[in-house]
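I have placed the structure first, in the form of structure tokens, so that the comments after it can refer back to it.
Being a predicted model, the structure only gives us computed values, none of them experimental. In what follows, chains are A, B, ... by sequence order, proteins preceding strands, each numbered from 1.
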Number of protein chains: 4
Amino acid sequence: MVVGELNSPGGSSRNTRREQILAAARTLFAGSGYDQTSISDIATAVGVADGAIYKHFTSKREILYEVIREFYEPVIDMAATNVEGMSGIRERLRYLIWLQLRAFTEQPELCRLIIAEARPMEDYYESRIADLNRRYTTLLVEVVEDGQRAGEFNDDIDAAMVRDVVYGGIEHVAWGAATGRRSVDATRVADSLTSLICNGLERRTDRDGLLADAVDRLEHVADRLER
Amino acid sequence: MVVGELNSPGGSSRNTRREQILAAARTLFAGSGYDQTSISDIATAVGVADGAIYKHFTSKREILYEVIREFYEPVIDMAATNVEGMSGIRERLRYLIWLQLRAFTEQPELCRLIIAEARPMEDYYESRIADLNRRYTTLLVEVVEDGQRAGEFNDDIDAAMVRDVVYGGIEHVAWGAATGRRSVDATRVADSLTSLICNGLERRTDRDGLLADAVDRLEHVADRLER
Amino acid sequence: MVVGELNSPGGSSRNTRREQILAAARTLFAGSGYDQTSISDIATAVGVADGAIYKHFTSKREILYEVIREFYEPVIDMAATNVEGMSGIRERLRYLIWLQLRAFTEQPELCRLIIAEARPMEDYYESRIADLNRRYTTLLVEVVEDGQRAGEFNDDIDAAMVRDVVYGGIEHVAWGAATGRRSVDATRVADSLTSLICNGLERRTDRDGLLADAVDRLEHVADRLER
Amino acid sequence: MVVGELNSPGGSSRNTRREQILAAARTLFAGSGYDQTSISDIATAVGVADGAIYKHFTSKREILYEVIREFYEPVIDMAATNVEGMSGIRERLRYLIWLQLRAFTEQPELCRLIIAEARPMEDYYESRIADLNRRYTTLLVEVVEDGQRAGEFNDDIDAAMVRDVVYGGIEHVAWGAATGRRSVDATRVADSLTSLICNGLERRTDRDGLLADAVDRLEHVADRLER
DNA sequence: AATGAATGAGTATTCATTCAT
DNA sequence: AATGAATGAATACTCATTCAT
């Protein structure tokens, strides 16, 4: 699977009736929102009777969850796979940030769907979508904890808070894009955000100390030489 | 106005009918959510007829916005006032983060209302609430830009992105509290988040400069000795 | 209240909106059955919007129950009042039988409604209709028990069984009328049924006693003659 | 066929697909009611596809009728056979009452099915079930008419009314059992009901007269002998 | 005999808002 | 300021039955 094919996952695009329904729902949900899209709208778009929808899905909400899953799962699978094959802490962090940012800014409507429609739902936290999300955010938490264990990152800061800051930040940025109030260059923002977070986390004191010592010694040498 | 009185703003608590309606709506919205609360529920709670509500508000949504404003405006006023009187960049940043975090974690239901009910609404970005929010986030952007101008902060990083990261992070943390999945110590989280962001933003170039200066001097000394 | 006005009870016919709805529902339920009558049908018949119905009734079922109550309650009130003022056991029995039979055969559609639509409903036995019915059948049970206490009726037979037989019989007769398969003369059937039940219940022991006495005396005489 | 085998009629239990469907339907109808049981439920219980059901039955209603028939027909066959072989009017009456009462109280769910689900159906009176019922009730009418022709029963009372009273009574008693509000001892109730009906029907006046005459004459003889 | 996907009609209920009084 | 009756649109879901395979 290639980065460029986020939404055409080989296996599921067999254009079964199920896929047709999901495709129609994706378009309609993205265009008009979940509440404004009726089962009848979806059925009409597919060209079947209303009742046929229920041969493939048990409820409208299930359709929403599946639409989101089809979009989100490949991103997460890719993230999990690739993060494993990357070496540096910072590298991995940047990748996770960039991937999510890219997915959300390229599909701002699906971003809106997740944030504004799915997440406020009562049973969201028991849904597969929440599971996916947890899988994703766990990847980042683990990278941060790796960084802390390796002594590269300051371990005073709670990794869960870093996760909230990163994904909260991504969501705010993407939400701006989703509501059409801003355009976003995923790569630039990812770099910038990675910098901010990594600098913020880096164990400063020691390196600073070493550096300061080196500078001091240089100064002394210079003084002596001058004299 | 004192920190401890976030929700009893002097001027507006004159217990007029308008205030009674807002008080009832606040309780009901917080308890059952916006959609699940009907105008009838509010009218009944106040003890008036349904129609009477519309003598004071033009729509149900306006009530929501006013409920949020009553909660949010004092926080922002306080932020604007106090931030002005503070000296250090970091100090001001920490204060803004802490105030928002505290407001959201102390009133998780209102936090939920803003994030999950008000913001997804179509006309949210034309509403007074969005204005309030902009006023608030602008405070933070200005502090960051001050820091950048003062040379304290790296100005490679877009202040708007910092704003998204900070408020996105705060919201994620508070949302966890609002949905009852986590308990939050506002002060600790604020400290931690401030650290992360400030460290992330701080200019390293100073030390580079020192180093460069030292090297320069060494070179001069070497020159002179050579001569 | 007079027998002839079973369904025009003074107080309730004020032609309020509520009464209009009940009147329309009565007609429609009687004509097409409960399931086949939609709320829209009723609203249209009254000349109001669908939603207006719910200002007066909480559910379609409540309308059914009220239709039945309006028909049934006066019958029961009358029964309770008049039975009290009657002297003979048999007289009272006949009256109760006749009244129910008359109500059911004069309003066969409402009879059908009670038996075939209301009674099979899940919550029927918790409804006001079941209460009414219990009040009614209790009247008969009490008359039978009075008869048993007075020595007029055989107390070997369970009064509750008599009640089941009487009301079951009435329903079968009335159901035949309701389904249009038979025409019924309430007075003749009431007389006949009263006869059957009273004869069935009457104590025979008296005559046995007389016979035994006579035989005793004959034996005594025979004894004396022998001596 | 023996009384104890009411529901295992030899011929039909060949466990054909048809019988499997009926068995599943019987269980499901009894447990959840006719309306609450879908064709899919039945098909799933049998382990075939929905469409397969229609190879054996033309409609859901036909299944209901067959379920009832399988239960009811043996009872009626037995009644017809045994009533013929019985001598006394009262004996036969008691048997018919007892048999129906026993069937209904032993299978209260099927009793409910007949009374509350099948009978209110529009085409019930054109169905085989109504035929069965007529055959059954005719047996009783004939016994009563035999009694009247033999002079044992009063012929003022319409035999059809007696039928309604008896079966109406049985149904009320059984319905109480079916809805779980009462427990019933079929034999005791049958005896009691038979007593009530027979006493109610017995030609009283003549026999009473004869008896009274006999007693009078005995008294006179005794008097004369004494004197 | 069996499959099982497709049909498509049918409906109770809610509620923000209005307006005549 | 207040009333409160009236509006009326809007919609997910079920299921007996069919039919091409």
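- In the set E/dA16, E/dA2, F/dA2, F/dA2 carries the atom at the smallest distance from any side-chain atom of B/Arg17.
- F/dG4 atom C1' lies 17 Å from atom CD1 of B/Ile42, rounded to whole Å.
- Among the heavy atoms of the strands lying under 4.0 Å from A/Lys55 is at least one base atom, whether or not backbone atoms are also near.
- Note: CD (C/Gln36) to P (E/dT11) measures 7 Å, nearest angstrom.
- At F/dA5, none of the side-chain N or O atoms of C/His56 fall inside 4.0 Å of OP1 or OP2 (strictly under the cut-off).
- Nearest-nucleotide positions on DNA chain F place C/Ile53 closer to the 5' end than the other of D/Arg61 and C/Ile53.
- As rounded to whole Å, 20 Å separates atom P of F/dT21 from atom CG of D/Asp50.
- Closest approach to the B/Ser38 side chain among E/dA16, E/dG8, E/dT13 is made by E/dA16 (side chain taken as heavy atoms from C-beta onward).
- Around CD of C/Glu126, the count of heavy atoms belonging to other residues, nucleotides or ligands within 6.0 Å exceeds 12.
- Following rounding to the nearest Å, D/Ile39 (CD1) and F/dA16 (P) show an atom-to-atom distance of 6 Å.
- Here the P atom of nucleotide E/dA16 and the CG atom of A/Asp35 are 14 Å apart, to the nearest Å.
- Each of B/Arg128, B/Arg18, B/Arg26 was checked for a salt bridge (charged side-chain N to carboxylate O under 4.0 Å, His left out) with B/Glu70, and the lone residue meeting it is B/Arg26.
- Counting non-hydrogen atoms under 4.0 angstrom, B/Thr37 reaches the backbone sugars and phosphates but no base.
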